[in-house]
Amino acid sequence: MELVVFDLDGTLLNRESAISTYTRETLQLLSRAGIAYTVATGRTLHGARDLLEGHGFLLPQAFKNGVVIYNPDLGRYSHSHLLTQDEIRQVLEAFIGQSITPFLFTIEPGERHAVYHAPLQTRAEERLADMFRGDRDLPVLPLSELPADADIANVSALGPERGIRAVVDAVADEPGLVAYMGTAIEDRDLCWVDIHHHAGTKGDAVSCLKQELGLERVICFGDSDNDLSMFATADEAYAPANAKPEVLAAASAVIGHHDEDGIARFLRERFALG
């Protein structure tokens, strides 16, 4: 059997960050055909749960770029790759050196997430905090309230490209860390970065799911550099037309734009869903 794995933002979701009617109907057709599918996303469980609800996502799911795998049957995370205290200290020092505010994502009892941050320095950082509070319904708290024994899943930030790239370079030689960066959708003059444990990648998560579910092949869809490890692991990897150049180059084929139901249209043809 095959496992279909979707990235969400820029891939399965449209520009409104929603599953369109056509895509919803396609997922229903996949379910009826007995085709296994799940997600591997940079979002937290909290930030994706409402989107996935009612769309047949019953298998284990990878969140935070593979840092954690959530098992809906168990109602808890079955795998996690957390940052050590030394790694957290190194990351924070890199951000402080560039005057960029880091946002630390924690995993707390009950599979809940919270975000802790140092004092906000720019309007862009304030908007980012507001997004976490609103769009993704996360508690956003000052870094001074971070529990000493908190489990840190990842550290994220938004800032000028030069500063963000300097942070990425500063942690590049740390064997336990991996950093992804990209241009901010809301402001092309800014970049985002997400830093987490090196074993917490979408590729590692997909390999784990494939083995645990006893499936033979993986077909994946993604649009950004955090999908490249998943592309390298999958038997087939497809990029929507809006994907980054390096993702387009790594794909088995380029398909339709994410805002034109490109993934859903491909799936209907690929599996003869009608």
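Since this is a predicted model, take the numbers as computed values, not measurements.
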For side-chain contact (heavy atoms from CB on, under 4.5 Å), just list the numbers for Leu104 and Leu92, CA-CA rounded to whole Å, side-chain angles, deciding distance to a tenth of an Å, and then say yes or no. CA-CA 9 Å; Leu104 283 69; Leu92 294 183; 3.7 Å; yes
Please step through side-chain contact (heavy atoms from CB on, under 4.5 Å) for the pair Lys202 and Phe231, ending with a clear verdict. CA-CA 9 Å; Lys202 290 188 180 185; Phe231 275 35; over 6 Å; no
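Residue Gln121 holds its CD atom at 10.5 Å from CD of Glu126, rounded to the nearest 0.5 Å. The distance from the CG atom of Leu45 to the CD1 atom of Ile69 is 13.0 Å, given to the nearest 0.5 Å. Taken to the nearest 0.5 Å, the CG atom of Asp86 stands 11.5 Å off from the CG atom of Leu83. Residue Asp259 holds its CG atom at 10.5 Å from CG of Leu13, rounded to the nearest 0.5 Å. For the atom pair OH (Tyr180) and CD1 (Ile195), the distance works out to 12.0 Å, reported to the nearest 0.5 Å.
Side chains of Lys64 and Ile107 form no contact here, defined as non-hydrogen atoms less than 4.5 Å apart. Using a 4.5 Å heavy-atom threshold, the side chains of Asp50 and Glu53 count as separate.
Side chain to side chain, Asn14 and Ser20 fail the donor-acceptor criterion of an N or O pair below 3.5 Å. Side-chain atoms of Asp194 and Asn226 form no donor-acceptor pair, as typed in the model, at a separation below 3.5 Å.
Minimum interatomic distance between Val171 and Ala94 (heavy atoms only, all atoms of both residues): CG1-CB, 4.4 Å. Closest approach of Val193 to Ala179, counting heavy atoms only: CG2-CB, 4.4 Å. Taking all atoms of both residues into account, the shortest heavy-atom contact from Ala239 to Leu248 is CB-CD2, 4.0 Å. The nearest pair of heavy atoms linking Ser17 to Asp9 is OG-OD1, 3.9 Å.
There is no path of hydrophobic side-chain contacts, each under 4.5 Å, that joins Leu215 to Phe57. Clustering ILVMFWY residues whenever any of their side-chain heavy atoms sit less than 4.5 angstrom apart, transitively, puts Tyr238 in the very cluster that holds Leu29. Taken together through direct or relayed side-chain contacts under 4.5 Å among Ile, Leu, Val, Met, Phe, Trp and Tyr, Leu177 and Phe103 form parts of separate hydrophobic clusters.
Here the side chain of Thr38 pairs a donor or acceptor atom with the backbone of Pro60 at under 3.5 angstrom. The backbone N or O of Pro142 lies less than 3.5 Å from no partner atom in the side chain of His117, so there is not a single donor-acceptor pair. The closest donor-acceptor contact from the side chain of Asn242 to the backbone of Gly10 lies under 3.5 Å.
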Going by atom type alone, with no hydrogens or angles, which donor-acceptor pairs under 3.5 Å involve a side-chain atom of residues 264-274 and a protein atom two or more places apart or on another chain?
unit_1: Arg265; atom_1: NE; unit_2: Glu260; atom_2: O; d: 3.2
unit_1: Arg268; atom_1: NE; unit_2: Tyr22; atom_2: OH; d: 3.4
unit_1: Arg268; atom_1: NE; unit_2: Thr26; atom_2: OG1; d: 2.8
unit_1: Arg268; atom_1: NH2; unit_2: Tyr22; atom_2: O; d: 3.3
unit_1: Arg268; atom_1: NH2; unit_2: Thr26; atom_2: OG1; d: 3.1
unit_1: Arg270; atom_1: NE; unit_2: Glu236; atom_2: OE1; d: 3.4
unit_1: Arg270; atom_1: NH2; unit_2: Glu2; atom_2: OE2; d: 3.2
unit_1: Arg270; atom_1: NH2; unit_2: Glu236; atom_2: OE2; d: 2.8

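Checked against the 6.0 Å centroid threshold, Tyr37 and Phe221 do not count as a close aromatic pair.
A salt bridge is defined here as a Lys NZ or Arg NE, NH1 or NH2 lying under 4.0 Å from an Asp or Glu carboxylate O, and Arg127 with Asp130 fails to meet this definition.
For residues 157-168, every residue pair satisfying the salt bridge (charged side-chain N to carboxylate O under 4.0 Å, His left out) rule, not counting sequence neighbours, is listed here: Glu161-Arg165. Pairs of residues two or more places apart, or lying in two chains, that qualify as salt bridge (charged side-chain N to carboxylate O under 4.0 Å, His left out) and include a residue from residues 242-257 are Asp225-Lys244, Lys244-Glu246.
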